[in-house]
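Protein chains get the first letters and strands the later ones, always in sequence-line order, with residue 1 at the start of each. Owing to the predicted nature of the structure, the values given are computational and were not obtained by experimental measurement.
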Protein chains: 2
Amino acid sequence: MSAKAATGMDRRTGVALWRQIADQIRQGIGAGHFGEGGRLPPETALAERFGVNRHTVRGAIAALVQEGVLRAEQGRGTFVEKRKRLSYPIARRTRFSEGLRDQAQERRGHLLDHAHEAAEPRVAAALGLDADAPVLRVETMSEADGRPVSRATSWFDAARFEGIAEAIAETGSVTLAYRRHGVEDYFRQSTIVSARHADAVDLAALRLAPGAIVLVAVAVNVDTEGRPIQFSETRFAADRVELAVAE
Amino acid sequence: MSAKAATGMDRRTGVALWRQIADQIRQGIGAGHFGEGGRLPPETALAERFGVNRHTVRGAIAALVQEGVLRAEQGRGTFVEKRKRLSYPIARRTRFSEGLRDQAQERRGHLLDHAHEAAEPRVAAALGLDADAPVLRVETMSEADGRPVSRATSWFDAARFEGIAEAIAETGSVTLAYRRHGVEDYFRQSTIVSARHADAVDLAALRLAPGAIVLVAVAVNVDTEGRPIQFSETRFAADRVELAVAE
DNA sequence: TCAATTCGTCTATTGATATAGACAACTATA
DNA sequence: TATAGTTGTCTATATCAATAGACGAATTGA
């Protein structure tokens, strides 16, 4: 394998070289190749390693500076800014803020939007409702230390959970909002994890660079009697979060 | 929100529009928007929906035809070739071929490569070995119905599992290879799921289009006495697989 | 058979991407 | 205070990506 091919750069693929390089550098940082606050190799060295022109590397670095991952200082070098990836636990008892307790100083949830609508087939199936039954759709996002972590769309049975959006907005917590509706405890029944490119709405909400990846977790929560109470699709910024599956 | 922005197309991002559109169409197929063997809307309609020129849509379709996802017929339309996303279970007893029994006719594992090496820190920690202890690294990939599904790098304690690579090559099964080394049963102790762009090696092995996403599952298997026997990093083609977390 | 629909191909133009080279501006250090 | 090493900026050129319009080729159904 030639030195050039080994770098993973592909041409004529619809993905610009500067973006491929930016992705590799970001990934290298996540893997700890440069250390916290460490210095990147000089642009000329990176250009040689990736087999491209120095200007192309500069494009990649500019994008990562824009993202807040790198900081370039004229005459000195280019340095790593980014923090470590958060590890988000997925288990039978999954609670957003508890799981991140040790990893972030400040955790917050936001209610972005909510609306009544008729249940789509997959929502109706998950919640055990008839097709087109009235459901509440709630859009939330969560932050840790001021960085957006995830964005979720949740559906609730409108008949049982009328007003839960307001309760989430007031308390900032789904767990507390459940209490107000007589649900003392709840469990995660199932979780399906997949990954895709972030769409425009999530890019904006999570403050991601276009082309970024989101981890998608589709989950069903049930109450202590096993009745489904929530169906949700959560998108996590893949370069900030990993999912720890407890078994 | 304008109709254009709602389509999720972003310009000046280093990702060509035709590739963004190809990714969205592929994703739409995975979500079942066109049905098995279904027909895509005409190119002119797609161009309008995505807010781009017809030629740009044609670029996206050409890429998906090349991938084997679509089939274009002059005068008739463009049709879906691809099968549904496989759902790969992750649980305490995770076995590759058993989990996919109902979803694919033919399942196969391949041994690609194996080598002795000194344990990296994360490998040593996971297997409970001293740093730089001798370990066996094994590269495998798996297919379902002739389509590459995943590619894995596994590490074993060299002292305990000498020759396991050959056993995997012969039997095509990790479970059977374990038997030969006196491990009658084993469990998954932990799994960490993340996502990233596929690197050049995985692109080739999984026959993916550049820019494609892989789901990364880092796992530790333990024997019935709780001793770690395997540390592995598996990369799944994100457009062909989803991970079903059992809880 | 005819018209409508749809994919396939061609030409032309514009802006983004990538390469190449040169030199300025800044930093650290011998 | 030189000097080497690094990032920042400029010009120029070639190729890719995207738009625009026109027309050919194959299929379908009236």
Side-chain angles (χ1 to χ4, degrees), chain A residues 3-5 7-25 34 37-66 69-81 197 209-211, chain B residues 3-5 7-25 34 37-67 69-81 209-211:
Chain A
K4 207 162 185 176
T7 59
M9 296 300 101
D10 296 288
R11 289 152 203 256
R12 268 173 271 260
T13 64
V15 182
L17 289 177
W18 64 263
R19 173 142 297 283
Q20 295 182 55
I21 291 167
D23 290 341
Q24 285 212 192
I25 292 175
F34 309 105
R39 206 188 86 172
L40 250 63
E43 293 169 351
T44 49
L46 288 172
E48 191 171 2
R49 181 189 304 179
F50 289 116
V52 301
N53 192 273
R54 179 180 157 228
H55 293 294
T56 309
V57 169
R58 283 181 59 73
I61 290 175
L64 294 173
V65 167
Q66 189 65 27
V69 174
L70 293 177
R71 164 179 41 89
E73 296 185 23
Q74 185 169 356
R76 297 204 342 121
T78 304
F79 301 85
V80 175
E81 284 278 37
H197 290 109
Chain B
K4 206 162 185 175
T7 60
M9 296 300 102
D10 295 289
R11 289 151 203 257
R12 267 173 277 260
T13 64
V15 182
L17 289 176
W18 64 263
R19 173 144 295 286
Q20 296 182 53
I21 291 167
D23 291 341
Q24 286 211 195
I25 292 175
F34 308 105
R39 209 188 84 172
L40 250 61
E43 293 169 350
T44 48
L46 288 172
E48 191 172 2
R49 180 190 304 180
F50 289 117
V52 301
N53 191 275
R54 178 179 158 230
H55 293 292
T56 308
V57 169
R58 282 181 59 74
I61 289 175
L64 294 172
V65 168
Q66 188 65 26
E67 275 182 51
V69 174
L70 293 178
R71 165 179 39 90
E73 296 184 22
Q74 187 170 356
R76 298 209 332 126
T78 305
F79 302 85
V80 176
E81 285 277 38

Novice: Are A/Arg58 and D/dT7 close enough that a side-chain N or O sits under 4.0 Å from OP1 or OP2?
Specialist: no
Novice: In the structure I gave you, are the side-chain heavy atoms of A/Arg58 and A/Glu43 within less than 4.5 Å of one another anywhere?
Specialist: yes
Novice: Roughly how many Å is it from CD1 in A/Ile61 to C1' in C/dA18, rounded to a whole number?
Specialist: 16 Å
Novice: When the distance from CZ of B/Arg19 to P of D/dA18 is rounded to whole Å, what number comes out?
Specialist: 11 Å
Novice: Over how many whole Å does the gap from A/Phe79 atom CZ to D/dG5 atom C1' extend?
Specialist: 12 Å
Novice: Give every pair of a protein N or O atom and an N or O atom of nucleotides 20-22 of chain D that lie under 3.5 Å apart, one pair per line with the distance.
Specialist:
{"residue": "D/dA20", "atom": "N6", "partner": "B/His55", "partner atom": "NE2", "Å": "3.2"}
{"residue": "D/dG21", "atom": "O6", "partner": "B/His55", "partner atom": "NE2", "Å": "2.4"}

Novice: Rounded off to whole Å, could you give me the CD-to-P distance for the B/Glu73 and C/dG8 pair?
Specialist: 9 Å
Novice: To the nearest 0.5 Å, what is the distance between CD1 on B/Ile25 and CZ on B/Phe34?
Specialist: 6.5 Å
Novice: So which atom in B/Pro41 and which in B/Leu46 form the shortest heavy-atom distance, rounded to 0.1 Å?
Specialist: O-CD1, 3.5 Å
Novice: Can you tell which of C/dT6, C/dT17, C/dG8 lies closest to the side chain of A/Ala16?
Specialist: C/dT17
Novice: Considering all heavy atoms of both residues, which atom of A/Ala60 and which atom of A/Trp18 are nearest to each other, and what is their separation?
Specialist: CB-O, 3.2 Å
Novice: Output one line per pair: protein atom, nucleotide atom from nucleotides 28-30 of chain C, and distance, for all N/O pairs under 3.5 Å.
Specialist:
{"residue": "C/dA28", "atom": "OP1", "partner": "A/Arg76", "partner atom": "NH1", "Å": "2.9"}

Novice: Report the distance from atom CG of A/Leu64 to atom C1' of D/dT7, rounded to the nearest whole Å.
Specialist: 16 Å
Novice: Which nucleotide wins on minimum distance to the side chain of A/Ala72, given the candidates D/dA26, D/dT7, D/dA18?
Specialist: D/dT7
Novice: In whole angstrom, what separates B/Arg71's CZ from C/dG8's C1'?
Specialist: 17 Å
Novice: Would you name the heavy atoms of A/Val15 and B/Arg19 that are closest together and state the gap between them?
Specialist: CG2-CD, 3.5 Å
Novice: How many whole angstroms separate atom CG of A/Leu70 from atom P of D/dG8?
Specialist: 11 Å
Novice: Who pairs with A/Pro42 by side-chain contact (heavy atoms from CB on, under 4.5 Å), at least two apart in sequence or on another chain?
Specialist: A/Arg39, A/Thr44, A/Ala45
Novice: Considering just the side-chain nitrogens and oxygens of B/Thr56, establish if one lies under 4.0 Å of OP1 or OP2 belonging to D/dT19.
Specialist: yes
Novice: So for atom CD, which belongs to B/Gln66, do other residues, nucleotides or ligands contribute more than 12 heavy atoms lying within a distance under 6.0 Å?
Specialist: no
Novice: From CG of A/Leu46 over to P of D/dG5, roughly how many Å is that when rounded to an integer?
Specialist: 17 Å
Novice: Within this structure, what is the CD1-CG distance for the pair A/Ile61 and A/Leu40, rounded to the nearest 0.5 Å?
Specialist: 6.0 Å
Novice: Just checking A/Thr78: base, sugar-phosphate only, or nothing, at a heavy-atom cut-off of under 4.0 Å?
Specialist: sugar-phosphate
